[in-house]
Amino acid sequence: MVSSPEKQSFRIIVTTFSQTHLTDQLLAWFDQHHRDLPWRDAACGKRNPYRVWLAEIMLQQTTVTAVIPYYLNFLSKWPTVKAMAEAEDKDIMRAWAGLGYYARARNMVKCARFIADQCQGAFPRAAQDLLKLPGIGPYTAAAVSAIAFNGASAPVDGNVIRTLSRLYALDALMPKNKDQIQRKATALLPQDRSGDFAEALMDLGSQVCRPKNPDCQACPWIKSCQAYAGNVVLEFPKKAPKKLKPTRRGWAFWITRPNGHVLLEQRPPKGLLGRMMGLPSTPWEEDLASFDRAIKPFSASSCQACSGFIKHTFTHFHLELGIIQVSLEGDVEMAGVWVAPDDLETEALPSVMKKAIAHAQKS
DNA sequence: GAAACGTGGCG
DNA sequence: TCGCCAAGTTT
């Protein structure tokens, strides 16, 4: 059956009207529930692009609560993209330590240097151009363009996926539904206020359309939400079943010289905890090397295993790490840096290594 | 497309 | 205790 042209245009008008309605409802809600966050220091479109970008990089897969102290510290150390571009890698990694996903920090500096050296310190305004920069993917490109420049882009993050999946009862599995959600989000863009719209949709997802315990009664879209109407809100978004995490095990070494200094190594520039500092360690594998085998390189020294082991969970595996204390008799030369215990806190140590160090020091 | 890539909080 | 989850990008 073919619709008449009149019928089609009528449908387009109705669709457009209801989308406008949704957009207006969302923006009205946003105006009443505006959150005061450190990076929201001016109206959308009038923000400092460097600060917007810095916040968006940090907020990738990371909660607002975790980001705030890091954001403030970075801004105080490196107030401009030029300042960050001139920073040393080591200082960036130190300041990022504990925030996780360290490739973000490595790409961030790379991006800052590109902006400073190749773009006269000015961020591109269009999402399409931002997308070419290191560490900036589809989400961040759209977010920076919308929030810093009021560009007509709709960032789609986990909040947006969840909220729109519920609003339209979208059955597609994450993350295959990304294109569909992107089209829905773009269709809802207002004529102006793209930046407010971006923040509004993400705020709605994080504060109202929460993963668990959503507050549907507070939602401006309650009358339009298909999942709510069907009483199946928690069934969206549809997700593939999670894979089981394997457990890997290893030994880390607390190696001290007679003066009490301890040996740290910088990890390789890519891969897990890349470019961060840590205790020397055996590889982390599913089969644990025996104590005797692990201490072979230190056969002439006194070696003692701390009781128990530390547990830590990464994105794709659990880790059980045993700690072996090695007390060297003299100032043996070894690859790495010797650090006084009091100076450990200033090193670029990821959380798992801080945990291992605490375990070694209390044993 | 799938896997790698951190961490801390919450129920 | 433990699985789930949070403002994704890269390879």
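Chain letters run A, B, ... following the sequence lines, proteins first and then strands; every chain starts at 1. Since we're looking at a predicted model, the values are computed, not measured.
- The nucleotide whose nearest atom lies closest to any side-chain atom of Arg162(A) is, among dG3(C), dA6(C), dA3(B), dA6(C).
- Whole-Å rounding puts the Lys242(A) NZ to dA6(C) C1' distance at 11 Å.
- Contact annotation for Gly205(A): no contact, since no heavy-atom pair falls under 4.0 Å across all strands.
- Lys296(A) forms no cation-pi arrangement with Phe298(A), by the criterion of a distance under 6.0 Å to the ring centre and an angle within 45° of the ring axis.
- The environment of CD in Gln361(A) is crowded: more than 12 heavy-atom neighbours from other residues, nucleotides or ligands sit within 6.0 Å.
- Rounded to whole Å, the C1' atom of dC5(B) lies 15 Å from the corresponding atom of dA6(C).
- Residue-level contact check: Gly274(A) touches neither bases nor backbone, having no heavy atom under 4.0 Å from any strand.
- Within 4.0 Å of Val64(A), counting heavy atoms only, lies at least one base atom of the nucleic acid.
- Between the NZ atom in Lys223(A) and the OH atom in Tyr228(A) there is a gap of 11.0 Å [rounded to 0.5 Å].
- Within the nucleic acid shown, Arg267(A) has no heavy atom closer than 4.0 Å to any nucleic acid atom.
- dT9(C) and dG8(B): their P atoms are spaced 22 Å apart (whole Å).
- Taking atom CZ on Arg104(A) and atom P on dA4(B), their separation rounds to 19 Å, with Å as the unit.
- By the 4.0 Å N-to-carboxylate-O rule, Arg40(A) lies close enough to Asp203(A) to be salt-bridged with it.
- Remark: C1' of dG6(B) and CD1 of Ile310(A) are 13 Å apart, rounded to the nearest angstrom.
- Distances shown here put a side-chain N or O of Lys239(A) below 4.0 Å from the OP1 or OP2 atom of dC5(C).
- Rounded to a whole Å, the NZ atom of Lys355(A) is 7 Å from the P atom of dG8(B).
- At a threshold of 4.0 angstrom between heavy atoms, the contacts of Arg35(A) include nucleobase atoms, whether or not backbone atoms are also involved.
- Spacing between atom CZ of Arg248(A) and atom P of dG6(B) amounts to 12 Å, rounded to whole angstrom units.
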Pick out the pairs of N or O atoms, protein on one side and nucleotides 8-11 of chain C on the other, that lie under 3.5 Å.
{"from": "dG8(C)", "atom 1": "OP1", "to": "Gly158(A)", "atom 2": "N", "distance (Å)": "3.4"}
{"from": "dG8(C)", "atom 1": "OP2", "to": "Gln61(A)", "atom 2": "N", "distance (Å)": "2.5"}
{"from": "dG8(C)", "atom 1": "OP2", "to": "Gln61(A)", "atom 2": "NE2", "distance (Å)": "2.7"}
{"from": "dG8(C)", "atom 1": "O5'", "to": "Gln61(A)", "atom 2": "N", "distance (Å)": "3.2"}
{"from": "dT9(C)", "atom 1": "OP1", "to": "Gly137(A)", "atom 2": "N", "distance (Å)": "2.7"}
{"from": "dT9(C)", "atom 1": "OP1", "to": "Gly137(A)", "atom 2": "O", "distance (Å)": "3.2"}
{"from": "dT9(C)", "atom 1": "OP1", "to": "Thr140(A)", "atom 2": "N", "distance (Å)": "3.0"}
{"from": "dT9(C)", "atom 1": "OP1", "to": "Thr140(A)", "atom 2": "OG1", "distance (Å)": "2.8"}
{"from": "dT9(C)", "atom 1": "OP2", "to": "Pro138(A)", "atom 2": "N", "distance (Å)": "3.4"}
{"from": "dT9(C)", "atom 1": "OP2", "to": "Tyr139(A)", "atom 2": "N", "distance (Å)": "3.2"}
{"from": "dT10(C)", "atom 1": "OP1", "to": "Gly135(A)", "atom 2": "N", "distance (Å)": "2.5"}

Item checked: Test salt bridge (Lys or Arg N to Asp or Glu O under 4.0 Å) applied to Arg249(A) and Asp287(A), step by step -> CA-CA 7 Å; Arg249(A) 301 169 181 87; Asp287(A) 295 309; over 6 Å; no
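- Regarding Met58(A), its CE atom lies at a distance of 16 Å from the C1' atom of dA6(C), rounded to whole Å.
- For the pair Arg166(A) and Phe236(A), the cation-pi criterion (under 6.0 Å, within 45° of the ring axis) is not fulfilled.
- Relative ring orientation between Phe123(A) and Trp53(A) is described as tilted, the plane-to-plane angle lying within the 30° to 60° band.
- Among the atoms of the strands shown, only primed sugar atoms or phosphate atoms (P, OP1, OP2) are found under 4.0 Å from some heavy atom of Leu273(A).
- The existence of a salt bridge linking Glu199(A) and Arg47(A) is confirmed by a sub-4.0 Å separation between a basic side-chain nitrogen and an acidic carboxylate oxygen.
- The ring of Phe74(A) has its center no closer than 6.0 angstrom to the ring center of Tyr71(A).
- Annotation: Asn231(A), atom CG; neighbour count of heavy atoms from other residues, nucleotides and ligands within 6.0 Å does not exceed 12.
- In this structure, of dT7(B), dG3(C), dC5(C), it is dC5(C) that holds the atom nearest to the side chain of Pro211(A).
- Salt bridge present: Arg193(A) and Asp31(A) bring a charged side-chain N and a carboxylate O closer than 4.0 Å.
- If you check every strand for non-hydrogen atoms under 4.0 Å, Lys243(A) touches sugar and phosphate atoms only.
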Which atom pairs link the protein and nucleotides 9-11 of chain B when you take only N or O atoms and keep those under 3.5 Å?
none

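- In this structure, OH of Tyr102(A) is placed 13 Å from P of dC5(B), rounded to the nearest angstrom.
- Residue contacts for Leu37(A): at a heavy-atom cut-off of 4.0 Å it reaches a base atom on one of the strands shown.
- For Met108(A) and dG6(B), the CE to P distance is 15 Å, given to the nearest whole Å.
- Separating the C1' atom of dT10(C) from that of dG1(B) is a span of 13 Å, rounded to the nearest Å.
- Using a 4.0 Å cut-off, some side-chain N or O of His316(A) falls inside it from OP1 or OP2 of dC5(B).
- An OP1 or OP2 oxygen of dT7(B) is reached within less than 4.0 angstrom by a side-chain nitrogen or oxygen of His312(A).
- Residue contacts for Pro155(A): at a heavy-atom cut-off of 4.0 Å it reaches no nucleic acid atom on any strand shown.
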